Amino acid sequence: MLDIKLIRENPDFVREGLTRKNEPDRVSEILELDVQKRKIQTESDTLKAKKNKVSDEIPLLKKQGKDVAHVLEEMKALGEQIKVYDAELKEIELKLDEIVERIPNLPHTSVPTGKSAEDNVEVRRWLPDGTTLESEKKYLDHLELGKKHGILDFERGTKITGSGFPLYRGKGATLERALISFMLDYHINNHGYQEVMTPFIVNRDSMFGTGQLPKMADDMYLAERDGLYLIPTAEVPITNIYRGETIDERELPIKMVGYSPCFRREAGSYGRDSKGFLRVHQFNKVEMVKLVKPETSYDELEALVGNAEAILKALKVPYRVLLLCSGDLSFSAAKCYDIETWSPAENKWLEASSCSNFDNFQARRAKIKYKSADGKKSDFVHTLNGSGLATSRLMVSLLENNQTEDGRIRVPEVLIKYTGFDII
RNA sequence: GGAAAGGUGGCAGAGUGGUUGAAUGCGGCGGUCUCGAAAACCGUUGUGGGCUUCUAGUUCACCGGGGGUUCGAAUCCCCCCCUUUCCGCCA
């Protein structure tokens, strides 16, 4: 959530940011409601001050044996007037909240201006020694490999649930599990994250806190009877661990990593990239989340991207890092890097990670603050998160890049101790 | 699912209609003492909003959430949520 004071005091700055993000400009509307709100609040507060003062005097007057009937009468009328103001105030606040809650975060100054994914900027590329993207080699795609070895069974996954719910079998299931364990261990042991295992279904407050609600409601699975949502990413439960809390600054930065399945309805994207793992409704992901002091957050973002890249280097998977342009940023993000892995069979890059700094946008919504050691200063933390990484697209690259001439699949060196086998 | 108890400041725990934003203890922060530390002692210590002459003053709101009664509510009434314990069911 944007700070109403920022909108009030720097409306043009906010307008510019929203324009960069291709968002409609509702700043004037907000400012108008804000003025109305404060005007009514001032009037209501003045009356309340009077009410409080007189109410304090009543017992004293009674003690003196004075007749207070006319005072009570007066106060009753005052109370009615206050009710009228408060009802009006509430109505305006509701309107204001409804708008402000749907205003996205502003892009950071270091984010390039652009309209869509076309304008994202490739900042670096990494290929394992001896590999090139152009190859004479004939690659089977992940579906063909999955079928050939009986490790992926999309047809039966569809039978169980519907399309986009993958079924892994045999060494495929083991490889998936190995990948998750490897990534978790790597971040815990080499990058200093604390492992967390969270609920995978969350309430509305949590979804609001990280910014999925109210705008992205249609993209999520909802257990309506209970008012609970299946998480689209572990970012939601992990970030919300600290919702409503004030953290001692000496505890920052807090770095957490957790595995979760992710559930996405992908409403409106049917038919696009629908092949196999390229777009699914359920996938596995290891997610890193950091709560940090404001002045460090953009450095922490660079470190976060580095943490995700380290996994791909260890697995020897070709990848590139993109700096997203303003127009391609998600609702809550101020700055974001995507990591894409190479698919030789599709002959394209696949998004496997997204690492974002949310500045204080989520912290405001989730009310996560920190307090200085001397207790004098308190402010919102900055939150960050990054996939480290999502297994589905990574699995595509992993299977395809590691296939041998005869169509078998070599298990990357670092995963062998997790799988117990070195070839499929 | 049934029954009971309970939700108060960072924590523990008073408070059942009128200077109670809230006793007391612990913790935190600052200080005295000390070579230093501990102990002891002194002081201080919630959040959010509005207004103004804005490193300050003033005012409003907040005792799980929402609504109500009243001149006045942490305290009374209604609804909801959550926690704990017991019973039932169960991986």
Side-chain angles (χ1 to χ4, degrees), chain A residues 1-10 30-101 197 199-209 213 223-229 237 240-252 254 261 291 360-361 363-381:
Chain A
M1 197 128 67
L2 293 186
D3 184 2
I4 185 72
K5 278 184 188 157
L6 177 74
I7 303 175
R8 194 186 292 155
E9 285 158 22
N10 297 296
I30 291 170
L31 290 178
E32 202 175 300
L33 285 169
D34 181 51
V35 167
Q36 279 184 50
K37 182 193 143 184
R38 284 182 291 149
K39 182 165 168 265
I40 295 170
Q41 191 185 340
T42 302
E43 308 213 24
S44 169
D45 280 0
T46 307
L47 296 187
K48 281 177 185 168
K50 187 179 179 194
K51 183 191 85 172
N52 289 340
K53 189 162 169 268
V54 175
S55 288
D56 283 346
E57 288 166 1
I58 286 175
L60 300 176
L61 291 173
K62 275 186 177 169
K63 243 179 225 167
Q64 293 167 19
K66 291 187 179 160
D67 177 33
V68 293
H70 68 285
V71 182
L72 298 190
E73 200 67 24
E74 219 174 284
M75 284 303 99
K76 194 158 190 164
L78 190 65
E80 294 304 315
Q81 185 57 47
I82 290 171
K83 264 185 196 166
V84 172
Y85 277 130
D86 280 355
E88 202 177 335
L89 187 63
K90 198 168 181 181
E91 198 181 316
I92 291 174
E93 277 175 339
L94 229 56
K95 267 191 209 165
L96 193 57
D97 286 348
E98 202 176 60
I99 299 172
V100 177
E101 281 167 6
M197 180 76 81
F200 301 147
I201 302 181
V202 303
N203 59 31
R204 289 197 169 87
D205 287 345
S206 292
M207 283 299 188
F208 181 83
L213 286 181
E224 207 164 0
R225 272 161 60 118
D226 302 293
L228 300 174
Y229 293 84
N240 276 282
I241 288 172
Y242 287 94
R243 190 177 75 236
E245 297 192 23
T246 301
I247 302 160
D248 189 311
E249 77 170 331
R250 287 166 291 201
E251 286 177 48
L252 298 176
I254 292 173
L291 308 183
N360 64 22
F361 189 83
R364 279 184 185 284
R365 294 182 150 246
K367 299 185 170 57
I368 306 173
K369 310 186 85 171
Y370 75 98
K371 193 169 229 163
S372 58
D374 59 13
K376 279 180 183 152
K377 200 183 93 186
S378 106
D379 195 5
F380 291 102
V381 300

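Because the structure is a prediction, the values reported are computed rather than measured. Letters A, B, ... are given to chains in the order of the sequence lines, protein chains preceding strands, and every chain is numbered from 1.
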What donor-acceptor contacts under 3.5 angstrom involve side-chain atoms of residues 50-59 of chain A, with partners at least two apart or in another chain?
unit_1: A:Asn52; atom_1: ND2; unit_2: A:Lys48; atom_2: O; d: 3.4
unit_1: A:Ser55; atom_1: OG; unit_2: A:Lys51; atom_2: O; d: 3.0

Output the rounded distance in Å from [atom1] ([X]) to [atom2] ([N]).
X	N	atom1	atom2	value
A:Lys377	B:G30	NZ	P	16 Å
A:Arg250	B:G27	CZ	P	15 Å
A:Glu93	B:G50	CD	C1'	11 Å

Task: Of residues 38-55 of chain A, the positions that come close to RNA chain B - non-hydrogen atoms, cut-off under 4.0 Å - done: A:Arg38, A:Gln41, A:Thr42, A:Asp45, A:Lys48, A:Ala49, A:Asn52, A:Ser55
Mind checking salt bridge (charged side-chain N to carboxylate O under 4.0 Å, His left out) for [X] and listing every partner two or more places apart, or none if nothing turns up?
X	answer
A:Arg243	none
A:Asp379	none
A:Asp34	A:Arg8, A:Arg38

- [ ] Not counting sequence neighbours, which residues clear side chain to side chain donor-acceptor pair (under 3.5 Å) with A:Ser44? List them please.
- [x] A:Asp86
Open item on the list: Among B:C29, B:G48, B:C71, which nucleotide has an atom closest to any side-chain atom of A:Ser378?
Closed with: B:G48
- [ ] Only counting residues at least two apart or in another chain, list the ones meeting side chain to side chain contact (heavy atoms under 4.5 Å, CB included) with A:Lys367.
- [x] none
Under 3.5 Å, which N/O atoms of the protein pair with N/O atoms of nucleotides 66-68 of chain B?
unit_1: B:G67; atom_1: OP1; unit_2: A:Lys90; atom_2: NZ; d: 2.4

Open item on the list: Filter on side-chain hydrogen bond (donor to acceptor under 3.5 Å, both in side chains), then keep only pairs touching residues 69-84 of chain A, sequence neighbours left out; what's left?
Closed with: none
- [ ] Both distances under 3.5 Å, Watson-Crick or G-U wobble: report the partner of B:U24, or none.
- [x] B:A12
